[in-house]
Amino acid sequence: MKTYITLSDLIGGEKNSKEEIIEKISKVPLGGVFIILSQMNSYGGENPGIRKIFLDYLKSIGSKDLSQVLGDSSLYSEQGLLTLWKWFFVYGNYNSINESVDPIIGVNQIIHLCIAVSDYLSDEISEEKANNYFFSNSVFNNKSNLGSDLARSSLIFGEIAQNENNFISKDFIDINKMFSDKYGYSIQDYLAIIYGLIAGFLNKGTNNAAIRSDWNKSINYFDKTHNPDLGKKIIDEISTSFVDAKIWAQTSINNPWDYTLFRQKPLLKLENGNFYPINLSLLFDKVLSDLYFKIRETSPKNSTQIISFFGKCFEKYVEIITKETIESRKNNIPYEFIPEFSYGNKRSNKSPDALIRVKDTLLAVEAKVYRLKMDSLFGVKSAIESDTKRFAIDPINQMQNRLSELKTRSHQIMNGVSKIYLISLTFGYYPTLKPFEEMIDQMIDASDLPIKGIIHMDIEEYEFFLELISRKASSPASHYLENKKQLAPYTSFKNFLFSSSLYPKRPQYIKDKILEHSNNMRETLFQTALR
């Protein structure tokens, strides 16, 4: 956790007025500055080389030594830079969109304006609002792994969703056909194009400097691929123009968490056809997170069938990775994987989605294809409370009820169980922060079951957990869950692994799928016309 510096912090005086900031922005050569801003906003965190450029600049103009004022604070944050984009779109001089700028001058202009705008990111807030601010900030700054997202997308929306044998016949929906019918290309084609775009911006080329001059791409970027027109079509779909961005930013400039347009259209496309990302991590989201919504839009808004199908696909994914990892473990801990099963006379009576039994310990996993509401990302209290209930409280209570029913029925799965751990597993990320963990604890129903721990994880964290308990020198799963509960109750599971020097890793099954589907993406892009 770090804080960002603001101009008033740095100079120890009043913040610049909005009129002063607007005047400075109006004089910025947007063409050159946008390319630099795109790069600064695309690699997450602060680049030490860029920080040095600004500190050297301060020294060159005779500024006093500000190292003590800066301390460990960041000169710029991802949120601050995205907000600066909005200010540039609203107040920048469009006539300068083709003007270039010396990289060092451009960096200094951006940081100076970013710390000035950062004074307007938040007002004085109460403790309650601060909790919601931390919530939004934690969600915003959580980054998933591109390779893992690619593997999940291909598995969930490709392999699993296409296999009718994974579902009861009345539950099956051919989302791949629905997708192709609506958009004119397949999910595989779409992922290949996004993969190709990301690869182009991740490739550092021959210039390893902090700022590259060859950053922007031409509209002809996909001309050497199998289907250049498809590349252009998808670029258009996920790009915004300066004019459209200006219109949107005018309505959202006072909401520092609203980056809706940038999430929907993470590329800025100029009139000459050149384009570059507003933020590269938002382009990453197109691989999995936003693909969910793109598929959702293939059916009527009031239809719940496709959402239910998504849920079943996700549950199957959890079943597959749990089974694969447990069965290929490198240790001799006697884990037994038990997939979801029905019991009693009602079809709705089902066990948790995945159970892992080891001796007298039972781990229960309930998988929900939930994502946070947009209002939660904006820090709206009622939305955060609603999502807390959906993500953690309801799934935990559901598991307790199901396991209690199994115990009452003397089901064999409960024989000899003296320790139970409950894992609420969600498709999207939910932060681990003390105020919200305390809310969860207070709202979990009382139970006569031997519950030893409850935890919520997102899918990435669950994959890390599976890999951890499959290692050759691993301790039993309960050991890590107990340590997490005792040593880091208000830390996310992923950060607990880092702080405990357990080094989170992907399961081998996911690694293999990343390699397989990365190769598939390349083949899709570069297959010859005869194939």
Side-chain angles (χ1 to χ4, degrees), residues 18 21-44 76-101 106 109-114 116-118 120-121 140 193-194 197-198 200-201 215-219 221 231-286 289-290 293-294 297 374 377-378:
K18 289 187 176 181
I21 299 173
I22 290 168
E23 182 181 0
K24 290 172 183 174
I25 286 176
S26 68
K27 298 175 181 177
V28 166
L30 291 182
V33 165
F34 272 180
I35 291 177
I36 297 170
L37 179 58
S38 170
Q39 294 177 67
M40 289 174 63
N41 208 179
S42 287
Y43 288 114
Y76 58 90
S77 64
E78 190 171 2
Q79 182 197 7
L81 293 178
L82 283 173
T83 299
L84 185 57
W85 274 108
K86 291 164 74 170
W87 284 62
F88 276 139
F89 284 130
V90 175
Y91 304 116
N93 178 7
Y94 181 71
N95 292 328
S96 67
I97 196 68
N98 294 315
E99 293 181 18
S100 60
V101 69
Q109 286 179 319
I110 288 170
I111 294 180
H112 188 179
L113 288 167
C114 183
V117 167
S118 292
Y120 292 89
L121 282 180
F140 179 80
I193 295 297
I194 300 298
L197 285 169
I198 292 170
F201 288 107
W215 178 251
N216 60 319
K217 308 298 180 194
S218 162
I219 190 60
Y221 177 70
K232 292 175 182 177
K233 179 178 181 178
I234 293 177
I235 288 172
D236 281 342
E237 287 179 3
I238 62 172
S239 295
T240 186
S241 67
F242 184 99
V243 173
D244 288 343
K246 180 184 179 75
I247 293 169
W248 166 79
Q250 287 172 331
T251 65
S252 67
I253 194 164
N254 293 321
N255 189 339
W257 289 112
D258 186 356
Y259 307 115
T260 309
L261 179 69
F262 300 159
R263 293 178 188 278
Q264 295 169 345
K265 298 179 179 293
L267 299 180
L268 175 64
K269 185 179 173 187
L270 307 179
E271 288 185 359
N272 62 8
N274 288 347
F275 65 91
Y276 39 80
I278 290 170
N279 177 294
L280 192 56
S281 67
L282 296 181
L283 183 58
F284 286 6
D285 286 346
K286 293 295 177 184
S289 180
D290 288 354
F293 289 110
K294 192 173 179 69
E297 289 171 3
M374 192 61 71
L377 305 184
F378 296 168

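Counting begins at 1 with the first residue of the sequence. These numbers come from the heavy atoms of this one structure, side chains and all, not from hydrogens, waters or symmetry mates.
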Item to complete: For atom CD of Glu99, decide whether the heavy atoms of other residues, nucleotides or ligands shown that lie under 6.0 angstrom number more than 12.
Response: yes

Worksheet item: Stepwise, does the ring-ring contact (aromatic ring centres under 6.0 Å, His included) test hold for Trp248 with Phe262?
Response: CA-CA 10 Å; Trp248 166 79; Phe262 300 159; 5.0 Å; yes

Fill in: Minimum side-chain heavy-atom gap Tyr120-Thr83 below 4.5 Å
no

Worksheet entry | Smallest separation among heavy atoms of Met40 and Ile111, with atom names | CE-CG1, 3.9 Å

Discussion item. Test your reading of the model: is there a side-chain donor-acceptor pair from Asn279 to the backbone of Asn41, 3.5 Å cut-off?
Written reply: yes

Worksheet item: Where is the tightest heavy-atom contact between Gly231 and Ile193, given as atom of each residue plus distance?
Response: CA-CD1, 3.8 Å

Discussion item. For Lys86 versus Asn255, what's the shortest heavy-atom pair and its separation?
Written reply: NZ-O, 3.0 Å

Discussion item. For the CG atom of Leu197 and the CD1 atom of Ile234, what is their distance to the nearest 0.5 Å?
Written reply: 8.5 Å

Item to complete: Find out whether Asp244 and Lys265 are in side-chain contact, i.e. whether some heavy atom of one side chain is under 4.5 Å from a heavy atom of the other.
Response: no

Discussion item. Measuring from atom CD of Glu78 to atom OG of Ser42, what distance do you get when rounded to the nearest 0.5 angstrom?
Written reply: 8.5 Å

Fill in: Between CG on residue Leu37 and CG on residue Leu113, distance to nearest 0.5 Å
10.0 Å

Worksheet item: Do Thr240 and Lys269 come within less than 4.5 Å of each other through their side chains, counting heavy atoms only?
Response: no

Worksheet item: Does the side chain of Ser38 reach to within under 4.5 Å of the side chain of Trp85, using non-hydrogen atoms?
Response: yes

Worksheet item: Which atom pair, heavy atoms only, marks the closest approach of Leu30 to Ser96?
Response: N-OG, 3.1 Å

Discussion item. Is there a side-chain contact between Ser289 and Arg263 in this structure, where contact means two heavy atoms from C-beta onward sitting under 4.5 Å apart?
Written reply: no

Item to complete: List the steps, then state whether side-chain contact (heavy atoms from CB on, under 4.5 Å) holds for Ile36 with Gln109.
Response: CA-CA 10 Å; Ile36 297 170; Gln109 286 179 319; over 6 Å; no

Fill in: Straight-line distance of Thr251 OG1 to Ile253 CD1, nearest 0.5 Å
10.0 Å

Discussion item. I need the minimum non-hydrogen distance between Gly80 and Ser118, along with the two atoms involved.
Written reply: CA-OG, 4.3 Å

Discussion item. Below 30° counts as parallel, above 60° as perpendicular, anything between as tilted: where do the rings of Phe201 and Phe275 land?
Written reply: perpendicular

Worksheet item: Is it true that Phe242 and Phe88 have ring centroids separated by less than 6.0 Å?
Response: no

Worksheet item: So, do Ile110 and Leu81 sit near enough that their side-chain heavy atoms are less than 4.5 Å apart?
Response: yes

Fill in: Donor-acceptor pair, side chain of Ser241 and main chain of Glu271, under 3.5 angstrom
no

Worksheet item: Between Glu237 and Lys294, is there a side-chain N and carboxylate O pair less than 4.0 Å apart?
Response: yes

Discussion item. I'd like to know whether Trp87 forms a side-chain contact (heavy atoms from CB on, under 4.5 Å) with Cys114, so could you lay out the CA-CA distance, the side-chain angles of the two residues, the decisive distance to 0.1 Å, and finally the verdict.
Written reply: CA-CA 10 Å; Trp87 284 62; Cys114 183; over 6 Å; no

Fill in: Exercise: identify the closest heavy-atom pair between Ala245 and Leu261
CA-CD2, 3.7 Å

Item to complete: Evaluate side-chain hydrogen bond (donor to acceptor under 3.5 Å, both in side chains) for Tyr259 paired with Ser252, printing each intermediate quantity in order.
Response: CA-CA 8 Å; Tyr259 307 115; Ser252 67; over 6 Å; no

Worksheet item: If we only count heavy atoms from C-beta on, is the Phe34 to Trp215 side-chain gap below 4.5 Å?
Response: no

Worksheet item: Nearest 0.5 Å, what's the CG-CH2 distance between Leu82 and Trp257?
Response: 10.0 Å

Fill in: Heavy-atom check, side chain of Asp258 versus side chain of Phe378, under 4.5 Å
yes

Item to complete: Decide side-chain contact (heavy atoms from CB on, under 4.5 Å) for Leu270 and Asn216; before the verdict, give the C-alpha distance in whole Å, the side-chain angles of both, and the deciding distance to 0.1 Å.
Response: CA-CA 10 Å; Leu270 307 179; Asn216 60 319; 5.9 Å; no

